[in-house]
Asks: 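The structure follows.
Source: prediction; values computed, not measured. Lettering follows sequence order; numbering is per chain, from 1.
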Amino acid sequence: MLSQQNQRVKTSVRILQFSIGLLFLIILGRLVQLQIVEYDTYSPLSRENSLRQEIVNPARGLMYDRNGRLVVDNEPIYTITVTPATYDSKNTPLLAKLMDRPVEEVEERIQEATAYSWYRASRLFTEVDFSVFSTIQENIWELPGIGHQIESKRRYPVEDMQASHIFGYLREVSEEEYLQSDQYNLGDKVGKSGLEMVYEDQLRGEQGIEYSRINALGQSLGSYDNGSIDESPVKGNDLYLTIDSELQTLAEDLMEDKSGAVVALDPENGAILSLVSSPQYDIRRLSGRIDSDYWEEINTRTKNPLYNRAISTRQPPGSTFKPLMALMGMEMGLISPQTEVNNPGYFYRGRRYHDLAPKGDYDLGKALESSSNTYFFWLMNEIAEEKDINQWYAMASEFGLGQLNNIDLPYETEGILPDSSYFSKIFGEGVWGVGDLISLGVGQGVIGVSPLQMAIVAATIGNEGYRVQPHLVSAIRRSDGKVTMTNPEKQKVSWIKKSQVEPVKEGMRRVVTDGGGQWYANLDSIEVAGKTGTAQNPHGTDHGWFISFAPMDDPEIAIAVLVENSGYGSISAAPIASLLTEQYLTGEINRPYIYDYVKDFEPKEDEDDDENTIMNLGIE
Amino acid sequence: MNIFRDLNWPAIMLWVGLFIVGLIALFSATQGPVSEFLPDHIKGNFMRQLIWTGISIIVLVSLQFTPPRTFLTGSYILYAICLLLMIVTLFFGREVNGAKSWLSIGPANIQISELMKITTILAAANYLTSRRNISAENLKNALVAVLLIGIPTVLTILQNDTGTAIIFLTLIPVMLFWSGLPYGISLFIISPAIIGYLSIIGWYWGMAAALIITFLIFLLQRRTWLTLASLAFGALLIIGVQIALYQVLQPHQLDRIEAFTNPSFDPQGAGWNVLQAKTAIGSGGIYGKGFMEGTQTQLRFLPEQWTDFIFCVIGEEFGFIGAGLVTLLFMALILRILNMAGKNKHPFAQLVMVGVATIFFMHFFINVGSAVGILPVIGLPLPFISYGGSAFLTNTLMLAICLNLDFYKRELSIYR
């Protein structure tokens, strides 16, 4: 009995020791698995645990005007971020209290951030007040997963200048763009229009990364390894612009409350001195936190302020097309400066084409001065019958009409310049004839140009035959100081001859001294040459045009002005171009009454057929 | 008797080795760079543990001068006193971390359930050895013993201290087994734990275990009714676990289970502790990150790193060498105690030693098993290593009683 019991004890000890030994081996095996086999899995995990990667956004490149004046700058804004993976939703009420926001709003934003990424930090609130920012910073240890960031937004130091359509605005990167490119983080801003968009790659710079050690509560314990593995950000490149801030400010002032556009450029090289599209949006209200009410407003306003009329609109050039017609007529051998055409008050070809100029005989100079339609209807008729519409097309397109001129802004239009195939396309093969072409002679009908294109036409005539490349950026300075000049091309219009340009320039000079420009466009100090125009508008009051260059012999500025629904160009567009020319060439305005006239100008809604009557009223 | 020859010095050295490792880990976990983020009362843990270690040494030594029969004769009265204090704790106890198991006696806070472990072992051992052997036919004595252990189990559950209750429960099969319960029935008693554990991982594992256990029971016992009962019970258990997992358990309870089987499922919620614990141990590698150099420990990524997760501190800072050493120290100590039991002629002494070894082992297995992610996080301290005065003192007392019974083993057997 006793020995049997002893046997039982011995067996029991062995069984217990065996079972326990087995379980110990399981633990040891598990330790081997975790610490030796899976070491490579857990080691980086523990490192990442205690390492925080912070993205350091680079300073976006600045912009300077042609005189070296800073026109686009950065200023700090304070941002609160959330990393949903480490955020505890129990803290939402505290966060909302510190932020001074409703709990629901905070919850909603955290949900949005969670939807984007569980592990990456997303912006929760941008542009918070510095005091709120400091409060969050002080309490950050209570809020694991909440981070703070100092970012920047655009600042525009020239107070009265907007230049919205030149600079453009930035928007936070869309979800689509974020997924497509690995260069962006959520909440990064990217240029969506203007230079900000075209030069996005230059301006953006390269983001840096800072590593810091944190504990489980998210408190930062200083930089990791003395910042040896940090990557410092590379500042974006600076742009040197061709615009003249003072001229731009004046142009915006003059175009205020009007609808239309101004393009002023240097006829020597195509440098844009001023570019205004009116109405424009308030660039400062789009620079920082998205002001959704304002965004809504500018998107629904009838005269879309986001639309860049200076380069995107297509309007018939009206009589401003006549100088180009004269040049082409001479080159085709159909007219000489001395050719005379009789104006009986209309031109007849199948029907009567109206002419407002006084009856009488017109040579080239007089036809330009008084803007005789008969002369150019007749010339177009000659071209259509004796020559070919395609030759006309080829010659006009060398002036940049119907073409892209590759300005460094988005959404430039080609305009419309018809050739025979274009007519066949819209009217039908063989259905169209000379009658459809005649109105092209006075810049009406199937033709559409942008103010930019007309400024180039003016410049090309002014510089006697060189088509310039319009551009806004003259140089790019990298963060290391290296400067790259942009290299705009200048191309000789192949067919143009000095002997042809001179009478046209003379005629344009007479427009300003004796013709439609004499009241508002003539300057004592500077020889200005120009041409008025009125674009027929089937939807309402006609649009007024004026193109000019000055000084006449060696022009330094070429301007095209379009004022929509303003009636005749001579009373609406001409004074604006004149004031800008005066300001640019003399540095001041000596005709305050013209300035006041432009500021008080109200587009006429009623139409009056007699141009002279209106001009006479205007002078009083 | 010769104190050099008869005292179990290897066991004592293992005990010293464990508490020295414990003090090192506790120092790192509370006095290292991490102390910056710790409240003052936790920073004081190290000093308090030093004091408790001193007291425990004195207790261990002085207990060797106690006549061994005292434990036998005093077992019921000590059991009754502790049971009374347990009930008092239930009403007047202090709640710490959700468990109402602390009683303030004068300046000291004592966890009565710790002392209850010792007295339960003594009382159950006394009862079981004063009866005839338990057989498959005569289970009446076994039921009384189960009751002796069951009452403190229920009381600890009422104190909301599930971990300690599990410890009490495991005493039942081991002590009954030692007292002569047939092997087959012993296996039948522990089979729910094995089958249940494996069913959580996958029902097919549970099924495999149930079949193997049934087969073993058949081989050992050759009783048709027991075999069939085992099979039916195993199947019911698997179905029950599946229903519990997918129908009965509340989402947050399920989260804890899910966190254990798949911690990366919810790295921020219930799985966070498990993932951080595994990361700490895994990132320690073979040699560890060095004393007070563990980032998981020092940057406060570990929860309760001075008690329930202290093994992670060792694993992270001393690597596989440190963690393996601690495991081997425990294994050596427990196997040593079982050896002492095998050499002791007195059944009471044997049973006490087996009970103590079981308690030490279960604490180790549950604590380390939680830390390495093979068991759900239950929250039990690691004996001699985790911070905790009453636990350290109780564990030392248990060891001291074993040493005493071993030291006086010849004297004890004379009275038999």
Asks: Is A/V37 close to chain B through its backbone or its side chain, or both, or neither, when contacts mean heavy atoms under 4.5 Å?
Replies: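 Neither; nothing under 4.5 Å.
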Asks: Looking at side-chain heavy atoms only, is the closest gap between B/W178 and B/T358 below 4.5 Å?
Replies: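 Result no, sub-4.5 Å side-chain heavy-atom pair not found.
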Asks: Tell me, side chain or backbone of B/F311 under 4.5 Å from chain A's heavy atoms, or both, or neither?
Replies: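 Only the side chain of B/F311 comes within 4.5 Å of chain A.
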Asks: Counting only non-hydrogen atoms closer than 4.5 Å, does A/R8 touch chain B with its backbone (N, CA, C, O), its side chain (CB onward), both, or neither?
Replies: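 For A/R8, backbone and side chain are both near chain B.
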Asks: Does any non-hydrogen side-chain atom of B/Q296 lie less than 4.5 Å from one of B/T279?
Replies: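 Yes, close enough: below the 4.5 Å cut-off.
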Asks: I'd like to know which of A/L45, A/L28, A/D40 tops the heavy-atom pair count under 4.5 Å against chain B.
Replies: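 That would be A/L28.
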Asks: Below 4.5 Å from any heavy atom of chain A, which atoms of B/L335 appear? Answer side chain, backbone, both or neither.
Replies: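 Both the backbone and the side chain of B/L335 come within 4.5 Å of chain A.
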Asks: Mark yes or no for whether B/Q305, through its side chain, and B/C312, through its backbone, hold a donor-acceptor pair below 3.5 Å.
Replies: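 Not a single qualifying donor-acceptor pair exists.
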Asks: Find the one option among B/A357, B/G319, B/A280, B/A341 whose heavy-atom pairs under 4.5 Å with chain A are most numerous.
Replies: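 So the answer, after comparing B/A357, B/G319, B/A280, B/A341, is B/G319.
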Asks: If the threshold is 4.0 Å, N to carboxylate O, is there a salt bridge linking A/R123 and A/D188?
Replies: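 A salt bridge links A/R123 with A/D188.
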Asks: Do B/K289 and B/E316 sit within salt-bridge range, that is, some charged N less than 4.0 Å from a carboxylate O?
Replies: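 Between B/E316 and B/K289 there is a salt bridge, with a charged N closer than 4.0 Å to a carboxylate O.
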Asks: Between B/T295 and chain A, with a heavy-atom cut-off of 4.5 Å, which part of the residue counts as in contact: side chain, backbone, both or neither?
Replies: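 The side chain, not the backbone.
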Asks: Counting only non-hydrogen atoms closer than 4.5 Å, does B/F320 touch chain A with its backbone (N, CA, C, O), its side chain (CB onward), both, or neither?
Replies: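 Its backbone and side chain both get close to chain A.
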Asks: Output the option from B/G284, B/G294, B/G324, B/G285 having the highest count of non-hydrogen pairs under 4.5 Å with chain A.
Replies: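 That would be B/G285.
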Asks: Does CG belonging to A/D88 count more than 12 external heavy atoms closer than 6.0 Å?
Replies: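 Correct, the count exceeds 12.
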Asks: Which one wins on heavy-atom pair count under 4.5 Å against chain B: A/S43, A/S46, A/P44?
Replies: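 Top option by heavy-atom pairs under 4.5 Å: A/S46.
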Asks: Strictly distance-based, threshold 3.5 Å: is any side-chain N or O of A/R30 a donor or acceptor partner for the main-chain N or O of B/V372?
Replies: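 Yes, the answer is positive, given that a donor and an acceptor are paired below the 3.5 Å cut-off.
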Asks: Would you mind reporting whether B/F361 and A/F24 have side-chain heavy atoms less than 4.5 Å apart?
Replies: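 Side chain of A/F24 against side chain of B/F361, heavy atoms only: contact under 4.5 Å found.
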Asks: Contact part of B/V34 toward chain A, heavy-atom cut-off under 4.5 Å: side chain, backbone, both or neither?
Replies: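 Nothing of B/V34, per the 4.5 Å heavy-atom cut-off to chain A.
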Asks: Need one label for B/F330: side chain, backbone, both or neither, based on atoms under 4.5 Å from any heavy atom in chain A.
Replies: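 It is both, since atoms from each part get that close.
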